[in-house]
Amino acid sequence: MTEKGEQVRGTVSGPANAASDTAQRNRPRWDDLPVPDDTANLREGPDLHEQCLGLLPLVGVWRGTGEVVYPTIDGPFHFGQQLVFAHDGRPFLSYEATAWLLGPDGEVLRPAARETGFWRPQPDGALEVMIAHATGIMDLFYGRVRNLTSWEIETDAVMRTASAKEVVGSHRLYGIVDGGDLAYVDERAMVGQPLQPHLSARLHRVAG
């Protein structure tokens, strides 16, 4: 193992991974691929690329609940969500988000939003983030690592299919909060409304 790999594995043994069972878990992987598969557990697989060290606390599988609000909906509504940040040793993280709508008693009603994409940190500290939504929208974000535990991104461009909802902009802030949870707020400008809060969630680490 390289010296960098030892440093990474030493870092993830700290408070952000206080729950011992998370250290033994990972995203499903294809071990028979001819190239390294993504890993969401920094103890397994290739070393994290040094360009991704500013994103290190994000790597893992996160699960929790959140709230949807907007002037054009009857909400607020509540949802469950899982986020997966993983890597294959190259200078980017893969990203997947799966959500499900919750009823008034916390029961699962149905599948909800899906997102997939890549977080691409640059040598100058900038962040390039591409996120595709199952609803026919593609966001191109630019942003930065604010500090060791928070990340901010804002859309530079939004593309959408003819059948997609009108979305013209988004701003997201992610952060590791007390207890090692991951929290985020997503503000959106859509359907004729100005930029304002739309989604927020707090997620706990379940793997990595």
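Computed from a predicted model, the values in this text were never measured in an experiment. Just so you know, these numbers use all the heavy atoms, side chains as well, and skip hydrogens, waters and symmetry mates.
Side-chain contact check for Gln122 versus Pro91: every heavy-atom pair is 4.5 Å or farther apart. Side-chain contact between Leu56 and Leu93: absent, with no pair of heavy atoms (C-beta onward) separated by less than 4.5 Å. With a 4.5 Å cut-off on side-chain heavy atoms, Leu53 and Glu50 count as touching. A 4.5 Å side-chain heavy-atom check between Met138 and Thr161 finds every atom pair outside the cut-off. Counting heavy atoms from C-beta outward, Gln193 and Thr72 have side chains that approach closer than 4.5 Å. Side-chain contact between Val61 and Leu83 is absent, with no heavy-atom pair separated by less than 4.5 Å. Side-chain contact between Glu115 and Thr98: absent, with no pair of heavy atoms (C-beta onward) separated by less than 4.5 Å. Side-chain contact between Leu101 and Phe77: present, with at least one pair of heavy atoms (C-beta onward) separated by less than 4.5 Å.
Within a 6.0 Å sphere centred on CG of Leu33, other residues, nucleotides and ligands contribute more than 12 heavy atoms. For CG of Asp32, the number of neighbouring non-hydrogen atoms (other residues, nucleotides, ligands) closer than 6.0 Å is greater than 12. At most 12 non-hydrogen atoms from other residues, nucleotides or ligands lie less than 6.0 angstrom from CG of Asp74.
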Between Leu199 and Arg188, is the side chain to side chain contact (heavy atoms under 4.5 Å, CB included) condition met? List the steps. CA-CA 9 Å; Leu199 302 171; Arg188 293 191 195 176; 3.5 Å; yes
Pair Arg63-Gln82, side chain to side chain contact (heavy atoms under 4.5 Å, CB included): steps then yes or no: CA-CA 4 Å; Arg63 196 176 296 165; Gln82 175 175 282; 2.4 Å; yes
For Ile176 and Trp151, what are the C-alpha separation, side-chain angles and deciding distance, and is it a side chain to side chain contact (heavy atoms under 4.5 Å, CB included)? CA-CA 9 Å; Ile176 304 297; Trp151 306 265; 3.9 Å; yes
Would Leu102 and Val108 satisfy side chain to side chain contact (heavy atoms under 4.5 Å, CB included), going step by step from the backbone distance to the final call? CA-CA 5 Å; Leu102 298 175; Val108 177; 4.1 Å; yes
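In summary, the side chains of Ser94 and Asp38 do present a donor paired with an acceptor at a separation below 3.5 Å, with no hydrogens or angles considered. Side-chain atoms of Glu154 and Tyr142 include no donor-acceptor pair closer than 3.5 Å. Between the side chains of Asn26 and Thr39, at least one donor N or O lies within less than 3.5 Å of an accepting N or O. In this structure, a donor-acceptor pair under 3.5 Å is absent between the side chains of Ser200 and Asp186.
Looking at His133, its side chain never comes within 3.5 Å of a backbone N or O of Ala113 through a donor-acceptor pair. Remark: the backbone N or O of Thr149 is paired with a side-chain donor or acceptor of Asn147 at under 3.5 angstrom. Side chain of Glu67 to backbone of His78: no donor-acceptor contact under 3.5 angstrom is found. Of the possible polar contacts, one joining the Thr155 side chain to the Ser170 backbone as a donor-acceptor pair under 3.5 Å is found. At least one donor-acceptor pair under 3.5 Å links the side chain of Glu107 to the backbone N or O of Asp105.
Atom CE of residue Met159 and atom CE of residue Met130 lie 10.5 Å apart, to the nearest 0.5 angstrom. Taking CZ from Phe79 and CG from Leu109, the interatomic distance works out to 13.5 Å, rounded to the nearest 0.5 Å. Here Leu203 contributes atom CG and Leu182 contributes atom CG; the two are 5.5 Å apart, rounded to the nearest 0.5 Å. To the nearest 0.5 Å, the span separating CD on Gln24 from CD on Glu44 amounts to 8.5 Å. Here the CG-NE2 distance, from Asp88 to His49, works out to 10.5 Å after rounding to the nearest 0.5 Å. Interatomic distance, OG1 of Thr135 versus NZ of Lys165, reported as 8.0 Å (0.5 Å rounding).
With respect to Val59, the side-chain contact (heavy atoms from CB on, under 4.5 Å) criterion is satisfied by exactly one of Asn41, Leu42, Val84: Leu42.
Contact detail for Gly192 and Glu166: the closest heavy-atom pair is N-OE1, 3.6 Å. Contact between Gln81 and Ala201 at its shortest, heavy atoms only, is OE1-CB, 4.3 Å. In this structure, Pro46 and Gly89 approach most closely via the heavy-atom pair CG-N, 3.7 Å. Summarising the geometry of Leu173 relative to Glu152, their closest heavy-atom pair is CD1-CB, 3.9 Å, with the distance given to 0.1 Å. Residues Arg90 and Cys52 share a closest heavy-atom pair of O-SG, 4.0 Å. Of all heavy-atom pairs between Pro121 and Gln51, the closest is O-NE2, 2.7 Å.
Look at Arg144 and Glu128 and you find no salt bridge, because none of the NZ, NE, NH1 or NH2 atoms lies under 4.0 Å from a carboxylate O. The residues Arg114 and Glu96 are annotated as not salt-bridged, no charged nitrogen and carboxylate oxygen being separated by less than 4.0 angstrom. A salt bridge is absent between Asp181 and Arg205: the closest approach of a Lys/Arg side-chain nitrogen to an acidic carboxylate oxygen does not fall below 4.0 angstrom.
His198 and Tyr70 have perpendicular rings, their planes meeting at more than 60° on a 0 to 90° scale where under 30° would count as parallel. Ring geometry, Tyr95 versus Phe85: the interplanar angle falls from 30° to 60°, so the pair is classed tilted.
Ring centers of Tyr174 and Trp119: under 6.0 Å apart, within the cut-off.
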